[in-house]
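A note on names: the letters A, B, ... follow the listed sequences, proteins ahead of strands, and every chain is numbered from 1.
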Protein chains: 2
Amino acid sequence: MDPRRLLIFRAVARAGSISAAARELGWTQPAVSQHLRTLERSTGCALLLRSATGVQLTEPGRVLLSRADALAVQLHLAEEELADLTSLRRGRVRLAAYPSAAATLVPRAVAGLRERHPDVDVELTEAEPPQALALVAAGDVDLALVFSYDDPPAELEWRPLGVEPVALVVGGEHWAATRGRLTLGDLAEEPWVVGCERCRAHAVRVCAEAGFEPTVRHVSDDYVVVQNLVAVGLGVTLLPRSALEAYRHPSVAVRDHPSYGTRRFGLVHREGADSVPATAALVRELSA
Amino acid sequence: MDPRRLLIFRAVARAGSISAAARELGWTQPAVSQHLRTLERSTGCALLLRSATGVQLTEPGRVLLSRADALAVQLHLAEEELADLTSLRRGRVRLAAYPSAAATLVPRAVAGLRERHPDVDVELTEAEPPQALALVAAGDVDLALVFSYDDPPAELEWRPLGVEPVALVVGGEHWAATRGRLTLGDLAEEPWVVGCERCRAHAVRVCAEAGFEPTVRHVSDDYVVVQNLVAVGLGVTLLPRSALEAYRHPSVAVRDHPSYGTRRFGLVHREGADSVPATAALVRELSA
DNA sequence: GTGCTTTACGAATACCGTAACGATC
DNA sequence: GATCGTTACGGTATTCGTAAAGCAC
C-alpha cells in the first residue's frame, strides 16, 4: 500500500469531498480521484461512497482513516525533528580531542557553540590522536581534533586548523647557569622527559638534528606531570605551546627556537560527516 | 517529505547497506541510492555515512529511523486491518428491516453469516420501508430490507429478493359461516384492520377491485396485534405471508387468492456500498 | 446552473535499470 | 577481485492535467 495514497485519502476524508481535497492539495479533481481508485483497487474494498454532495466513509474507510492520521502524525514529527536538527535547535556532537587542546581550544569553542545554540550538546572524549582516529573510524565520535609534528600523513584527509611552535622547557637553574643563552647541544647529557609516542619521536628527531641522542629518563603524557619533573630538576623536555598555555609551572623556563620544530593540529571526520548540521557548527567554532 | 523514501531509508538502515536494501526491495543499487540522495537533499542534512563496508547512521539518521519505524508500523497495521475486513475476519454491517422480515428472513441470514464469519457483527434496526430508506440516505445504516406492494418505485435502485403472496385473514366464525367459500365481496360490510400506510393503501386498492371501499376500524403495524383483533372478531385484514410465518394466531383462518395481490421485497443500499465486504456478505446471506 | 462525480487520453516527469567508474578490504 | 559506493543517461511507467460527460440539488 502506497503511503502517499493514504495521505491523499486522509485529505479527502477530512475535506469531505474529492474536489475540496484537490483544492487543498493544489491538484485537479481527476488526479485525486485516480489515486483513490488505485487505493481502493489495491485494498479490495470501497473506502468511501461518492455522492453529489461529497463523499462519506465506509467502515473500512473509517478504519483506514485512523491509521492514516497516525501516519501523518509520524511524518509531521519526522519533519519537525529534522528541522530542529538542521536549524540547530537541538543536536549532539561527539568530539575527541588531545589533552592540551581539550584544555584550551575546545572549551572556548564549546562555549561559543553553547551561546549560539544552547540545545546543541557536545560530548568530549579526551584522546591522543591515534586513538582519536580510531574513534572516528569506529563511529564512536563524530569529530577528532588531532595533531601531527610532521606534515600530516598523506593518506589522511584532515582539515588543518593551525600550527603552534614547540618550546624547550628546562628547570630554572639551567637557565641561570647558561645566562639565558641555552642551546640544545648543552642538554645532550641531561635526562629527558618525553610524552606520547609521537612527541617522543619528535624530541628524538630534534635532538638528532642537534647532534645527539637524548637519554629518556621519564615518560608521561601529562603536561602537568612533565613540568613538575622538569621544575625539580629531574630532566628537560620539549612541549608545544598549547600545553604551556593550558598549564605553566612557575619555576620552569621556556625557550623558543625554530629548530625545536612545530606541531600542526586539525580536524578529522568521516567523509560527509560535516554535512550533519551540529557537527558542521562545531567545526565552524573550532575553526574560528 | 515523501513517506516512501522514509521507508526506503528504513530498509537501508536496517539492512546496513544500500546494496543489501536494494536486494531486499528487488531493485538495483542505483535506484536506492538515488532515493536516498533525494531524501537527504530534501532534509538538508546527511542521514548516513557511506563507506566500502556499508552505511552508518548519523544523528539525524537515527532520529529519522525511529519515525520511519513508527510509520512502517502504522502502514503495516493499516494493511492488516484492511485484510481482516476484506477477508471477513472482522467487520460490521448496519441493517434496517421491516418487522416481519426482521422476524423471519433476517435472523436466518444473520445466523448464517455468524456461522461463516463469527466476528462480522450485524446491527439490526427495525424500520418500515420509508424510514429505512431515510436511514440509508443519511448513512445511518448500510443496508435496508424493504418491501413494496406495487412494482418497486422506478426511481429506486433496489436488489429484488422475492415476492410473497398477501393472504386474507379472518376470524374462524367467518370461515365456518361461509363453509370455506369466502370471497372478498362477502366482507364489504365488515370492519377492517390495517397496518402501515402502504399496507392500508394496498388493502383499499384490493377492495376497490372487488367493488367496495373498506371500513377501517383498527390500525396497527403490529401483526400480532392485528391477528388478535381479527381472532376475537373485531375485524378482518390482509397480511403478507411473512407476517403469518412470523406469528400465526391459532384461531384465525387464512385464505390465499391471486386477487389479494403480492408484496415484493428487496434490498436497498447506497451506490457502491455493496463493495464493502461485510455488507456484500450480508447481501449474499439475505439473497440465499 | 452549480456543484459533485467519473472516464479517456495525452504529455510531462518521476523512476528504475544499465553502464561505467572510484574506493576499500 | 569482490563488495561497497557514485554519477550519467535513456526508456518506461507513473502521474498529473485537460476535455467531455453523467448526476443530484
Please determine if a side-chain N or O atom of A:Arg50 lies less than 4.0 Å away from the OP1 or OP2 oxygen of C:dG3. no
How long is the span from the NE2 atom in B:His117 to the OG atom in B:Ser87, to the nearest 0.5 Å? 9.0 Å
Euclidean distance, atom CD of residue A:Glu271 to atom P of C:dG22 [Å, nearest integer]: 16 Å
Whole-Å gap separating P (C:dC15) and CG (B:Leu39): 12 Å
For a 4.0 angstrom threshold against heavy atoms of chain B, report the outermost contacting nucleotides of DNA chain D in 5' to 3' order. D:dC4 to D:dC9
Reading DNA chain D from 5' onward, which residue's closest nucleotide shows up sooner: B:Leu36 or A:His35? B:Leu36
Stretch residues 9-23 of chain B: residues that reach within less than 4.0 Å of DNA chain C through a heavy atom: none
Tell me which pairs pass side chain to side chain donor-acceptor pair (under 3.5 Å) where either residue lies in residues 119-134 of chain B, with sequence neighbours left out. B:Arg92-B:Glu123
Going from CG on B:Leu57 to CG on B:Leu49, what distance comes out if it is rounded to the nearest 0.5 angstrom? 8.5 Å
What is the distance from CD of B:Gln34 to P of C:dT18, rounded to the nearest Å? 13 Å
Please table the atom pairs, donor to acceptor, closer than 3.5 Å between any side-chain atom in residues 16-25 of chain A and protein atoms at least two apart or in another chain.
residue	atom	partner	partner atom	Å
A:Ser17	OG	A:Ala20	N	3.0
A:Ser19	OG	A:Gln29	NE2	2.1

Between A:Thr43 and A:Arg5, is any side-chain donor less than 3.5 angstrom from a side-chain acceptor? no
Could you work out, with side-chain hydrogen bond (donor to acceptor under 3.5 Å, both in side chains) as the rule, every residue matching A:His269, not counting sequence neighbours? none
A:Val106 side chain near A:Leu145 side chain, heavy-atom distance below 4.5 Å: yes
Return all side-chain donor-acceptor pairs below 3.5 angstrom for residues 280-288 of chain A, not counting sequence neighbours, or 'none' if the list is empty.
residue	atom	partner	partner atom	Å
A:Glu285	OE1	A:Arg116	NH2	2.9
A:Glu285	OE2	A:Arg116	NE	2.8
A:Glu285	OE2	A:Arg116	NH2	2.8
A:Ser287	OG	A:Val283	O	2.7

With nearest nucleotide decided by heavy atoms, which residue, A:Ser51 or A:Arg4, maps closer to the 5′ end of DNA chain C? A:Ser51
Sorted by position of nearest nucleotide on DNA chain C, 5' first, the leading residue of B:Thr28 and A:Thr53 is A:Thr53
